[in-house]
Amino acid sequence: MMFEPEFECLPADAMRALQDRRLRDVVAYVADRVPFYRDRLESAGVQPADIRGVADIARLPITRKTDLRDHYPFGLLAVPRAELRRVHASSGTTGKPTVVAYTANDLDLFARVTARSLAMAGAEPGMMLHNAYGYGLFTGGLGLHGGAERLGMNVVPVSGGMTERQVTLIEDLRPEVIACTPSYAMTLASALAARGVSPEAISLRYALHGAEPWTDASRGYIDAGLGVRCTNIYGLSEIIGPGVSCECVEARDGSHIMEDHFYPEILDPDSGEPLPDGADGVLVLTTLTKEALPLLRYWTGDITSLTREPCACGRTLVRMRMIRGRTDDMLIVRGVNVYPSQVESLLAQVPGLSPHFRLVVTRDRHLDDLEVQCEVSLAWAATTGFSGVDAVEHAGHEPSTALRRAAMAHLHDTLGVSVAVTLLPVGAGPRSEGGKLSRVVDRRGAG
Ligand code: DLL
């Protein structure tokens with residue numbers, strides 16, 4: 001079903017007219033209310049009246065995360081504090097978090113775009129959502145909660161962690177839909193398998209995963225492990241939270257962007273020049289309807305491409321491909337660019353490996369080295385008797401030597417650079433406890 005077909009199926013010209021009007025409004029709005037934007041527009045030599053529509057968007061200044069940081073916490077707000085109804089924050093790796101804020105209308109928008117997303121993913125009114133996204137400052141938990149209630153679902157606000165209890169709740173309450181990070185979906189799938197619960201025996205049918213990069217390769221594991229048809233949901237706190245875009249369960253071929261509210265552009269990561277549909281670049285988003293924290297041309301850092309090909313679901317909303325990575329998590333290993341998501345896809349093609357892996361980057365003098373530590377699959381360990389107790393070479397255990405070599409050859413063939421592979425016994429790979437899982441251990445600073 002569709003939550004707002006009148007917007008989700010707008011013909012291209014009507015969508016463009018709506019975006020043009022909303023862009024003119026938001027530019028006038030920020031020029032009037034946000035000193036930061038008034039100055040930026042002035043130094044770019046742009047009058048709000050110069051912007052007639054999205055065709056003129058490249059004249060507007062880019063906004064970056066550092067701008068939010070420099071005006072921490074509330075310097076970019078367009079409304080008085082008393083009009084705020086909620087704040088969220090995303091944890092930075094260093095220093096202060098990025099704080100974002102919502103008016104009552106912003107919260108209404110948040111609920112509508114997440115309700116749309118849930119419906120795209122297969123959810124219907126009357127179904128139950130097991131919401132294992134973290135509740136709190138993170139936008140995932142409360143964001144999807146609001147959308148599920150708006151859609152008319154029954155929400156189990158379980159949040160992250162306590163995996164054993166989550167499995168019990170899934171078995172006993174019988175939810176049809178689950179939302180969590182893709183890495184946590186794998187943790188849950190392993191926990192179900194360990195309990196001997198078959199995916200067919202549980203009630204789940206649909207799953208929404210996002211908040212961290214994942215790949216089509218993991219989709220197979222999650223579909224099979226949870227007995228679902230899972231979809232990708234994308235978003236970021238600065239723009240609203242989850243619900244910037246979501247895949248439809250019909251096609252699962254790119255996430256439909258809620259482009260009546262968030263206008264997307266793809267820019268060249270180095271030159272900042274606009275790129276055509278189909279080309280990979282940085283996703284840059286302009287909020288068209290937000291009140292508290294409207295952002296012009298926000299540089300997400302996420303690498304993807306757009307497609308406007310017709311979709312099987314009938315929605316006309318432009319689609320974005322799965323995020324290939326962030327500009328800042330790309331590794332340069334001996335001069336070769338490597339995204340963790342590429343490694344994930346390649347490992348999934350090697351029979352005998354599990355989806356639980358981490359990348360360890362070290363520096364030997366001036367060169368970066370990459371080691372992939374990957375847990376073997378339960379089935380492979382059972383047939384080969386691999387316990388992983390031996391040292392790195394698993395001396396004398398021929399199947400593991402062969403598996404390591406196969407994995408290294410496959411990575412080398414595609415990445416074009418040598419990568420060391422270490423096999424981990426079942427259970428020893430990294431597992432998400434509910435939140436975002438960091439797969440990269442960077443030891444380059446360590447000396
Ligand atoms: O992660 C919002 C969210 C919550 C999205 C629940 C989906 C589900 P932040 O914590 O601000 O917000 O992190 C935003 O996470 O710029 C991407 O780098 C990454 N990200 C989010 N969704 C995806 C996805 C939430 N589906 C940052 N695929 C973004 C890949 C994603 N990366």
Side-chain angles (χ1 to χ4, degrees), residues 63-65 68-69 87-93 97-102 110 113-114 116-118 120-121 129 131-148 157 159-160 177-185 207-219 222 230-247 252 254-258 262 264 269 280 282-285 287 293 295 298-305 319-330 339-342 344-345 432 434-440:
T63 310
R64 292 177 188 273
K65 198 175 186 89
L68 286 165
R69 249 185 238 135
V87 296
H88 278 292
S90 67
S91 48
T93 36
T98 304
V99 174
V100 299
Y102 305 76
F110 199 6
V113 293
T114 43
R116 273 191 203 177
S117 304
L118 284 155
M120 283 181 186
L129 173 69
N131 189 9
Y133 273 116
Y135 280 66
L137 284 174
F138 176 55
T139 51
L142 282 164
L144 278 150
H145 188 107
S159 199
V177 188
I178 182 168
C180 61
T181 57
S183 55
Y184 195 58
L208 295 93
H209 303 306
E212 63 188 4
W214 60 306
T215 61
D216 281 320
S218 344
R219 211 193 274 279
I222 299 174
C230 66
T231 48
N232 186 26
I233 180 165
Y234 168 84
L236 61 167
S237 322
E238 296 89 319
I239 297 300
I240 195 142
V244 169
S245 72
C246 191
E247 280 177 343
R252 299 204 294 183
S255 300
H256 291 283
I257 303 177
M258 315 302 171
F262 314 118
D280 268 349
V282 174
L283 177 68
V284 169
L285 293 163
T287 65
L293 186 62
L295 293 178
Y298 186 70
W299 184 272
T300 66
D302 295 320
I303 308 279
T304 183
S305 62
R319 283 172 290 152
M320 55 185 260
R321 297 272 163 232
M322 281 190 121
I323 301 288
R324 192 145 65 84
R326 294 181 51 79
T327 38
D328 46 11
D329 62 29
M330 188 184 76
Y339 285 99
S341 60
Q342 260 177 310
E344 176 175 330
S345 303
S432 161
K436 301 183 191 232
L437 180 64
S438 169
R439 294 192 181 276
V440 180

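Counting starts at 1 for both ligands and their atoms, following the listed order. Reckoned from all heavy atoms, side chains included, excluding hydrogens, waters and symmetry mates. Count residues from 1 along the sequence.
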To the nearest 0.5 Å, what is the distance between [atom1] ([X]) and [atom2] ([Y])?
| X | Y | atom1 | atom2 | value |
| --- | --- | --- | --- | --- |
| Leu285 | Met258 | CG | CE | 12.0 Å |
| Tyr339 | Glu344 | OH | CD | 15.0 Å |
| His256 | Thr231 | NE2 | OG1 | 11.0 Å |
| Asn131 | Leu118 | CG | CG | 8.5 Å |
| Tyr102 | Leu142 | OH | CG | 9.5 Å |
| Tyr133 | Leu208 | OH | CG | 7.5 Å |

What residue and heavy atom of the protein are closest to [atom], and at what distance?
| atom | value |
| --- | --- |
| atom 8 (C) of ligand 1 | Tyr133 OH, 3.4 Å |
| atom 11 (O) of ligand 1 | Ser237 OG, 2.5 Å |
| atom 31 (C) of ligand 1 | Glu212 N, 3.7 Å |

Heteroatom distance test (Thr300, ligand 1): nitrogen or oxygen, under 3.5 angstrom: no
Please report whether ligand 1 has a polar contact with Ile233, defined as an N or O pair separated by less than 3.5 Å (distance criterion only).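 Such a contact does occur with ligand 1.
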What atoms in ligand 1 come closer than 4.0 Å to a heavy atom of [X]?
| X | value |
| --- | --- |
| Lys436 | 1 (O), 9 (P), 10 (O), 13 (O), 14 (C), 15 (O), 25 (C) |
| Gly210 | 7 (C), 8 (C), 26 (N) |
| Asn232 | 24 (C), 26 (N) |
| Arg326 | 16 (O), 18 (O) |
| Gly140 | 4 (C), 6 (C) |
| Thr139 | 2 (C), 12 (O) |

Which of these, [options], has its nearest heavy atom closest to [atom]?
| atom | options | value |
| --- | --- | --- |
| atom 17 (C) of ligand 1 | Asp302, Thr215, Ile303 | Asp302 |
| atom 19 (C) of ligand 1 | Pro242, Ala211, Gly134 | Ala211 |
| atom 14 (C) of ligand 1 | Gly325, Ser90, Pro182, Gly235 | Gly235 |

Should Ser218 and Thr215 be marked as a side chain to side chain donor-acceptor pair (under 3.5 Å) after you check the CA-CA gap, both sets of side-chain angles, and the distance that decides it? CA-CA 6 Å; Ser218 344; Thr215 61; 3.3 Å; yes
With no hydrogens and no angle check, is any side-chain donor or acceptor of Tyr234 less than 3.5 Å from a backbone partner on Ile257?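 Answer holds: no.
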Heavy-atom contacts under 4.0 Å between Leu236 and ligand 1: side chain, backbone, both, or neither? both
Applying the side-chain hydrogen bond (donor to acceptor under 3.5 Å, both in side chains) test to Ser183, which of His209, Glu212, Lys436 qualifies? Glu212
Would Tyr298 and Thr287 count as a side-chain contact (heavy atoms from CB on, under 4.5 Å) here? Give the steps. CA-CA 9 Å; Tyr298 186 70; Thr287 65; over 6 Å; no
